[in-house]
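These notes are about the structure you will find just below.
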Amino acid sequence: MDGMERILITSAIPYINGIKHLGNLVGSQLPADLYARYQRGRGNEVMFLCATDEHGTPAELAAAKAGKPVAEYCAEMHDVQAEIAKGFCLSFDHFGRSSSPQNHALTQHFAGKLAEAGLIREVVEKQVYSNADGRFLPDRYIEGTCPNCGFEKARGDQCEECTKQLDPTDLINPRSAISGSTDLEVRETKHLYLCQSAMKDQLDAWIDSKADWPVLTTSIAKKWLHDGDGLQDRGITRDLVWGIPVKKGEDDWPGMEGKVFYVWFDAPIEYIACAKEWADANGKADAEWERWWRTDKGAEDVKYVQFMGKDNVPFHTLSFPATILGSGEPWKLVDHLKSFNYLNYDGGQFSTSQGRGVFMDQALEILPADYWRWWLLSHAPESSDSEFTWENFQQSVNKDLADVLGNFVSRITKFCRSKFGEEVPTGGAYGEQETALIQELTSRLRAYEQHMEAMEVRKSAQELRAIWVAGNEYLQSAAPWSVFKEDPERAAAQVRLGLNLIRFYAVLSAPFIPEASAKLMEALNSSDTEWPSDVAAALSALPAGHGFTVPEVLFAKITDEQREDWQARFSGTRD
RNA sequence: GGGCCUGUAGCUCAACGGUUAGAGCAGAGCGCUCAUAACGCUUUGGUUGCAGGUUCGAAUCCUGCCAGGCCUACCA
């Protein structure tokens with residue numbers, strides 16, 4: 001066996017203020033899980049981390065709306081999201097929280113190191129304060145009439161009507177978007193800025209070294225690096241209550257009392273802190289998580305892959321690397337960054353605020369996770385935005401899962417039961433037809449592996465489907481139901497191959513459809529999940545005489561009635 | 001306003017300057033009867049958004065236009 005690889009995988013961490021929709025899921029967590037399951041299946045050592053992103057204004061507002069203290073709200077929503085993630089079979093090694101004590105300490109540590117390196121400067125600026133809300137208002141939370149076009153719901157940063165960039169003080173009749181209060185005033189407040197501009201060349205060179213990254217990824221990074229005056233320094237603190245208190249390591253930061261770090265400073269650091277949460281939760285020593293993240297403590301041979309939606313790219317290509325590089329400490333930087341476009345819903349966008357589309361909890365209410373996993377992954381928005389329609393979903397799932405794979409399992413197990421009983425039949429031997437099949441499967445398996453390694457999600461799904469189809473083609477041409485009448489021994493060998501194909505499929509398909517895969521393994525009474533690199537050997541794994549049971553219908557079809565029902569139910573507003 | 005991305009068969013997508021633009025689904029025909037009215041084989045669909053240009057050769061490169069999307073640094 002080849003040397004085991006070590007692969008660190010993180011998915012963009014979902015924001016805490018509600019249940020995510022399918023577009024969010026397919027943009028990061030789901031493909032990350034596919035990759036994690038595949039790499040584990042290949043026998044590699046995987047650390048797959050995700051968490052909830054809990055700080056920032058929207059979390060506070062969502063908590064207020066729910067009538068709960070923000071800490072309590074976040075704790076509850078974290079549990080809700082964790083439960084749903086489990087429902088989708090997302091196989092995180094740990095699902096952490098950006099509000100964890102571990103992340104508090106680590107975020108403060110990074111800030112301290114950056115300050116020591118002279119990469120943080122203090123800036124006094126003017127911001128709008130709402131007396132009624134008792135808080136500073138980010139520009140987007142101030143509404144008023146656009147001085148340019150007269151649009152009445154222009155935001156403090158930009159008018160959506162005429163797209164003109166605005167300063168909050170430009171607005172006529174400014175009011176708080178939170179309470180509607182017009183009792184606003186401009187106050188001075190001091191904030192910390194991360195001197196990203198000082199690291200521009202270093203970041204630029206680092207991005208240039210990533211020739212194999214998708215255009216989508218590098219072009220966004222390049223834009224930020226070179227547009228206008230180049231990479232700008234970024235504010236990393238906010239005047240909020242909920243968040244990580246501004247400290248220099250363990251020491252207070254004079255003049256910054258009562259302020260917290262900006263959510264986008266602490267959120268990516270949670271990728272690292274999450275590993276410590278994992279170690280702490282499992283009673284492991286620090287060395288156990290540090291060997292994933294510290295290149296001076298064993299992480300030099302780790303391959304680190306990040307998954308995210310395209311909106312997250314600038315933070316992962318610039319801000320977070322700036323934090324890591326600027327610290328001067330040997331933390332692991334990302335090796336490969338896989339970004340996704342958006343999934344649209346039935347001619348428009350999924351919308352959290354309008355409740356348009358299917359949300360993760362609702363999806364699980366109507367169908368098992370595997371249906372969603374298969375459709376979403378086989379239609380992942382890799383090269384451009386992609387489109388969910390109920391018709392397409394119904395057709396793809398029925399055809400691929402029920403007809404091609406599910407029915408294959410059904411026809412071979414039921415035929416065997418009726419002619420040979422519920423055990424792998426004895427007698428006969430594989431011949432030319434079987435050799436040809438093994439050859440085809442071998443070349444398809446190699447293609448599947450390559451696509452999976454390259455994180456080509458759609459192509460992987462296509463190849464896997466072709467592997468399923470090959471089983472039906474074989475049965476059609478071998479026709480054991482005819483052969484049985486003349487030569488039962490030969491038919492026995494054919495059926496034996498068919499049953500072994502089921503196990504082969506279960507192992508290969510597990511990254512996409514883990515629940516169905518587990519059901520198949522159970523029906524086959526097998527726990528041999530070793531990756532079938534040698535196809536010929538894999539197709540003899542279940543020996544003659546091995547008992548099995550005919551599984552229940554693996555995938556029930558989606559009926560037209562169901563489809564119409566769901567189409568109507570999810571078109572409007574979420575209740 | 002600026003930047004980037006996308007536009008290919010009825011639908012969802014491939015094709016990365018090089019045969020006759022491919023695949024799955026849908027449609028049509030044939031076969032099979034083990035199976036979830038399932039499976040297999042064959043087959044009909046394309047002026048590659050529009051108009052120019054470069055090239056021996058363009059879906060691919062360039063220019064302009066049209067349509068959609070994303071980002072634009074205080075949403076996260």
Side-chain angles (χ1 to χ4, degrees), chain A residues 12-17 53 55-59 61 125 127-128 136-142 155-158 162-165 168 191 196 215-216 219-220 222-224 226-228 231-235 238-239 262-264 267 309-315 318-319 341-342 344 349 353 375 378-389 391-396 398-419 458-459 461-462 465-466 469 471-482 484 491 494-495 498 552-557:
Chain A
I13 64 179
Y15 199 65
I16 195 72
N17 68 340
D53 177 12
H55 298 134
T57 308
L61 297 182
E125 51 193 28
Q127 282 196 353
V128 174
F136 281 93
L137 297 177
D139 290 355
R140 293 194 186 207
Y141 285 93
I142 304 162
R155 297 186 312 193
D157 56 338
Q158 185 178 43
C162 64
T163 72
K164 192 175 169 61
Q165 302 272 353
H191 284 294
Q196 298 186 138
V215 178
L216 180 68
S219 66
I220 292 172
K222 285 287 180 185
K223 163 75 159 69
W224 282 52
H226 300 296
D227 192 46
L231 189 62
Q232 301 296 299
D233 294 345
R234 192 173 183 104
R238 292 288 182 276
D239 289 289
Y262 173 44
V263 54
W264 258 111
K310 59 184 168 182
D311 53 330
N312 274 337
V313 169
F315 302 97
L318 301 170
S319 308
N341 288 279
Y342 289 140
N344 289 320
Q349 292 179 39
S353 56
W375 190 89
S378 63
H379 293 78
E382 288 179 296
S383 53
S384 65
D385 291 356
S386 68
E387 176 89 3
F388 175 92
T389 66
E391 287 84 357
N392 186 305
F393 177 65
Q394 179 193 24
Q395 283 178 355
S396 297
N398 285 356
K399 194 71 193 172
D400 298 348
L401 296 182
D403 295 345
V404 175
L405 176 61
N407 183 56
F408 172 80
V409 172
S410 193
R411 66 195 295 202
I412 190 69
T413 51
K414 285 180 179 172
F415 180 74
C416 183
R417 180 173 62 185
S418 75
K419 304 298 184 205
R458 278 177 191 250
K459 287 181 181 169
Q462 258 175 39
R465 187 188 189 282
V469 167
N472 282 314
E473 287 170 352
Y474 168 77
L475 279 191
Q476 188 65 29
S477 65
W481 49 89
S482 303
F484 182 77
Q494 292 170 336
V495 170
E552 295 295 306
V553 168
L554 201 58
F555 296 100
K557 291 198 192 192

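Counting only distance, with no hydrogens or angles, the side chain of A:Ser396 and the backbone of A:Phe393 share no donor-acceptor pair below 3.5 Å. Between the side chain of A:Tyr15 and the backbone N or O of A:Ala59, at least one donor-acceptor pair lies under 3.5 Å. Panel note: side chain A:Asn472, backbone A:Val404; a donor-acceptor pair is recorded below 3.5 Å. A donor-acceptor pair is defined here as one N or O able to donate and one able to accept, closer than 3.5 Å; no such pair exists between the side chain of A:Ser410 and the backbone of A:Gly406.
Contact detail for A:Asp403 and A:Asn407: the closest heavy-atom pair is O-CB, 3.0 Å. Annotation for A:Pro58 and A:Asn17: closest pair CB-ND2, 4.0 Å, computed over non-hydrogen atoms. Summarising the geometry of A:Arg458 relative to A:Ser378, their closest heavy-atom pair is CG-O, 3.7 Å, with the distance given to 0.1 Å.
Counting only heavy atoms from C-beta outward, the side chains of A:Asn392 and A:Glu387 never approach each other to under 4.5 Å. Residues A:Leu401 and A:Trp375 have side chains not in contact (no heavy-atom distance under 4.5 Å, counting atoms from C-beta outward).
When distances are taken from the side chain of A:Arg465 to each of B:C13, B:C71, B:C25, the shortest belongs to B:C25. Taking every side-chain heavy atom of A:Pro138 into account, B:C74 is the closest of B:C39, B:C74, B:U72. The nucleotide whose nearest atom lies closest to any side-chain atom of A:Gln476 is, among B:U12, B:G40, B:C74, B:G40. For A:Val263, taking side-chain heavy atoms from C-beta onward, the closest of the listed nucleotides B:A76, B:A73, B:C32 is B:A76. Here the side chain of A:Asn392 is nearest to one of B:U12, B:C25, B:C32, namely B:U12.
If you measure from atom CG of A:Leu475 to atom P of B:C34, you get 13 Å, rounded to the nearest angstrom. Look at CG on A:Asp400: it is 13 Å from C1' on B:A26, rounded to the nearest Å. Between A:Phe315 atom CZ and B:C70 atom P the separation is 16 Å, expressed in whole Å. We find that CD of A:Glu473 is positioned 15 Å from C1' of B:A38, with the value rounded to whole Å. Straight-line distance from the CG atom of A:Asp139 to the C1' atom of B:U72: 14 Å, rounded to whole Å. Taking atom CZ on A:Phe415 and atom C1' on B:U33, their separation rounds to 11 Å, with Å as the unit. In this entry the distance linking CG of A:Asp311 with P of B:U72 reads 9 Å, nearest Å. As a whole-Å value, the separation of A:Tyr342 OH from B:C4 P is 19 Å.
Here A:Asp53 lies in heavy-atom contact (under 4.0 Å) with sugar-phosphate atoms only. Residue contacts for A:Glu391: at a heavy-atom cut-off of 4.0 Å it reaches no nucleic acid atom on any strand shown. Among the protein residues, A:Thr413 comes within range of no part of the nucleic acid, since none of its heavy atoms lies under 4.0 Å from any strand. No engagement by A:Val495 is indicated, since no non-hydrogen atom pair under 4.0 Å with the nucleic acid exists. Residue contacts for A:Thr389: at a heavy-atom cut-off of 4.0 Å it reaches no nucleic acid atom on any strand shown. As judged by a 4.0 angstrom heavy-atom cut-off over every strand, A:Gln395 is placed among residues touching the sugar-phosphate backbone only. The residue A:Glu125 sits close to a base: some heavy atom pair falls under 4.0 Å. Within 4.0 Å (heavy atoms only), A:Gly235 reaches no atom of the nucleic acid at all. The residue A:Phe408 sits apart from the nucleic acid: no heavy atom pair falls under 4.0 Å.
In terms of position along RNA chain B, the nucleotide closest to A:Ser384 lies nearer the 5' end than the nucleotide closest to the other residue of the pair A:Ser384 and A:Val553.
A distance of about 29 Å separates the P atoms of B:C56 and B:C4, rounded to the whole Å. Remark: the separation of the P atoms in B:U6 and B:A15 is 11 Å, to the nearest Å. A gap of 39 Å separates the C1' atoms of B:G29 and B:A67, to the nearest Å. For the P atoms, the distance from B:C62 to B:U55 is 16 Å, rounded to whole Å. The gap from the C1' atom of B:C66 to that of B:G40 amounts to 45 Å, rounded to the nearest Å. The separation of B:U8 from B:G68, taken at their P atoms, amounts to 14 Å, rounded to a whole angstrom. B:A23 and B:G64 are spaced 36 Å apart, taking the P atom of each and rounding to whole Å. For B:U48 and B:A9, the P atoms lie 10 Å apart once the distance is rounded to whole Å.
By the 5.5 Å and 30° criteria, A:Trp481 is stacked with the base of B:C34.
Proximity of A:Arg417 to the phosphate of B:C34: no side-chain N or O atom is located under 4.0 Å from OP1 or OP2. Between A:Lys459 and B:C13 there is no side-chain polar atom (N or O) within less than 4.0 angstrom of OP1 or OP2. The phosphate of B:A38 (OP1 or OP2) has a side-chain N or O of A:Lys557 nearer than 4.0 angstrom. Between A:Tyr262 and B:A73, a side-chain N or O to OP1/OP2 separation shorter than 4.0 Å is absent. Checking the phosphate oxygens (OP1, OP2) of B:G69, no side-chain nitrogen or oxygen of A:Lys310 falls inside 4.0 Å.
For the residue pair A:Asn398 and A:Lys557, no side-chain donor N or O sits within less than 3.5 Å of a side-chain acceptor on the partner.
Between A:Trp481 and A:Phe415, the ring-plane angle classifies as perpendicular under the 30° and 60° cut-offs.
Nucleotide B:G68 is shown with an anti base, its glycosidic torsion being more than 90° from 0.
Counting only Watson-Crick or G-U wobble pairs whose defining distances are both under 3.5 Å, the stems of 3 or more consecutive pairs in RNA chain B are B:1-7 with B:66-72, B:10-13 with B:22-25, B:27-31 with B:39-43, B:49-53 with B:61-65.
In the interface, the side chain of A:Asn407 is paired with the base of B:A35 through a donor and an acceptor atom under 3.5 Å apart.
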